[in-house]
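This report concerns only the one structure given below.
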Amino acid sequence: MILILGDNNDAHSALVADILKSKKEDFCFLDTRLYPENILIKWNPDENNEGYLKIKNKKINFKDIKSVYWRNFNGIKFERINNDAYLTDMIYRERKSALFSLFYSLKTNWCNSVEAFEIHQKKAYALHLMKENNIRIPRTLVTNDKNSIKEFFEQNNGEIIVKPVLGGAYTEKLTKRALTKSRLETLYKVPAKFQEYIDGEDVRVYVYKNGIYALKINSKTVDFREDRNAKYTKIKLPKKVIKDCYKVMEILKLKYSGIDIRLNKNGEYVFIEANPAPMFIFIDRITKYPLIDSLIDMLINP
Ligand SMILES: Nc1ncnc2c1ncn2[C@@H]1O[C@H](COP(=O)(O)OP(=O)(O)O)[C@@H](O)[C@H]1O
Ligand SMILES: [Mg+2]
């Protein structure tokens, strides 16, 4: 049994499901929005992998779960209870604690693990961990004090970008004019992440158990996802960069990943982030790298 954490409306989850089906591998979606109404969980934390999930009445013993493909954690149902904020919040926290305790305890081939996702959600911490391990990252500032930005702007010769601390918006170059704009006035409410702008090209590296696949992305926008005419070229990485990729995987507890790197004009590889559930369908198709096969292989042959 292979669990797909996510749902059929997501292209990646749906594709993985289709392939598992064609290979006659037993699988089931675990869509956490169905918890608790349509997902029952029984387990004994004092024992090893003792328990079961009942997803829409399909019983899955923990012992039979070979792998988990963690694509999307769809969140946990948040229900307002009689306008009682305390009770509402408490029920939510109880549900979340039960589910996450299980994610941490269940011994199986997690691709990727809850630890890896928790680190990734604290992206600035992930950067800090990389830096502590001598991985080259951009100079970075996380702040909700707008007065600290001017200084950072000058330190980096006016070449900085801004992006969310966690995610959900594209990376933008910050101009001097933007610095005086009123949007900085809202910064004290919502912190943001500022970085030296790494002038150069995007490199994406897919790391799997059995292979490492790198490509260069030439785009006309700061964030390549905004450029529909971006060009994708396969490349070979220097040995030192391959070593750093594996080091990043270890530090961030990743079993496989899509790592974002910027290659600057001096030929330095600057690490941006390592994604625990990277998209791969489009890149697999364009480059013919065996990204889909590699993931499926990891799930079927742990
Ligand atoms: N410091 C930077 N300098 C130049 N480009 C950057 C920088 N940080 C991010 N980018 C560009 O923006 C993209 C998205 O940033 P990233 O940190 O990976 O956030 P996301 O979570 O949105 O993927 C990167 O792949 C890269 O193209
Ligand atoms: Mg990214």
Side-chain angles (χ1 to χ4, degrees), residues 2-31 66-74 109-113 116-117 120 167 170-171 200-221 223-238 241-242 244-246 248-249 252-263 269 271-302:
I2 296 171
L3 281 186
I4 300 173
L5 191 63
D7 62 277
N8 213 2
N9 291 322
D10 167 71
H12 285 75
S13 297
L15 178 70
V16 167
D18 277 351
I19 298 173
L20 293 177
K21 201 170 177 179
S22 72
K23 291 182 182 289
K24 304 209 166 18
E25 283 285 334
D26 206 8
F27 71 92
C28 189
F29 286 105
L30 172 56
D31 181 348
K66 177 157 76 173
S67 300
V68 179
Y69 170 44
W70 184 312
R71 171 64 191 152
N72 280 328
F73 170 64
N74 281 334
N109 174 36
W110 286 93
C111 298
N112 270 301
S113 69
F117 278 91
H120 186 65
Y170 287 128
T171 299
E201 292 171 300
D202 276 302
V203 168
R204 174 39 93 88
V205 185
Y206 288 90
V207 189
Y208 293 91
K209 199 170 66 181
N210 297 325
I212 181 159
Y213 307 98
L215 59 138
K216 217 161 39 187
I217 303 162
N218 287 93
S219 72
K220 295 207 161 49
T221 53
D223 195 316
F224 70 86
R225 289 166 297 193
E226 285 185 284
D227 183 357
R228 299 178 84 221
N229 298 314
K231 285 199 172 52
Y232 302 83
T233 326
K234 293 187 195 190
I235 56 164
K236 264 206 141 83
L237 294 172
V241 179
I242 295 179
D244 280 352
C245 286
Y246 282 115
V248 165
M249 303 278 292
L252 304 181
K253 299 185 191 293
L254 292 158
K255 208 171 269 177
Y256 82 101
S257 181
I259 304 178
D260 292 330
I261 297 175
R262 292 280 289 182
L263 173 57
Y269 290 76
F271 282 70
I272 302 290
E273 66 165 349
N275 298 286
M279 296 204 250
F280 50 79
I281 297 176
F282 175 68
I283 303 288
D284 180 295
R285 207 185 67 216
I286 289 237
T287 60
K288 306 268 189 306
Y289 274 145
L291 307 181
I292 299 171
D293 289 350
S294 301
L295 176 66
I296 297 290
D297 181 52
M298 280 183 63
L299 297 173
I300 295 183
N301 306 305

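What you are looking at is a predicted structure, and each value in this text was computed from that prediction instead of being measured.
- In this structure the side chain of Val203 never reaches within 4.5 angstrom of the side chain of Arg262, judged on heavy atoms.
- Among all heavy-atom pairs drawn from Pro278 and Asn275, the shortest one is CD-O, 3.5 Å.
- Heavy-atom neighbours of Met298 CE from other residues, nucleotides or ligands within 6.0 Å: above the threshold of 12.
- Tyr246 contributes no side-chain N or O that, together with a main-chain N or O of Val207, makes up a donor-acceptor pair within less than 3.5 Å.
- You'll find the side chain of Arg204 reaches within 4.5 Å of the side chain of Asp260, heavy atoms only.
- In this structure Asp284 satisfies the salt bridge (charged side-chain N to carboxylate O under 4.0 Å, His left out) test with no other residue, sequence neighbours excluded.
- Put simply, the side chain of Pro238 reaches to within 4.5 Å of the side chain of Tyr269, judged on heavy atoms.
- Using cut-offs of 30° and 60° for the angle between ring planes, the Tyr69 and Phe280 rings count as tilted.
- Of all heavy-atom pairs between Leu291 and Tyr208, the closest is O-OH, 3.4 Å.
- Contact detail for Pro276 and Asn112: the closest heavy-atom pair is O-ND2, 2.9 Å.
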Solution key, residues 13-28 side-chain donor-acceptor pairs under 3.5 Å, sequence neighbours excluded:
residue : atom : partner : partner atom : Å
Ser13   : OG   : Asp10   : OD2          : 3.1
Ser22   : OG   : Ile19   : O            : 2.7
Glu25   : OE1  : Lys66   : NZ           : 3.1

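- With a 6.0 Å radius and a threshold of 12 heavy atoms from other residues, nucleotides or ligands, Lys255 has its NZ atom above the threshold.
- Heavy-atom neighbours of Lys231 NZ from other residues, nucleotides or ligands within 6.0 Å: at or below the threshold of 12.
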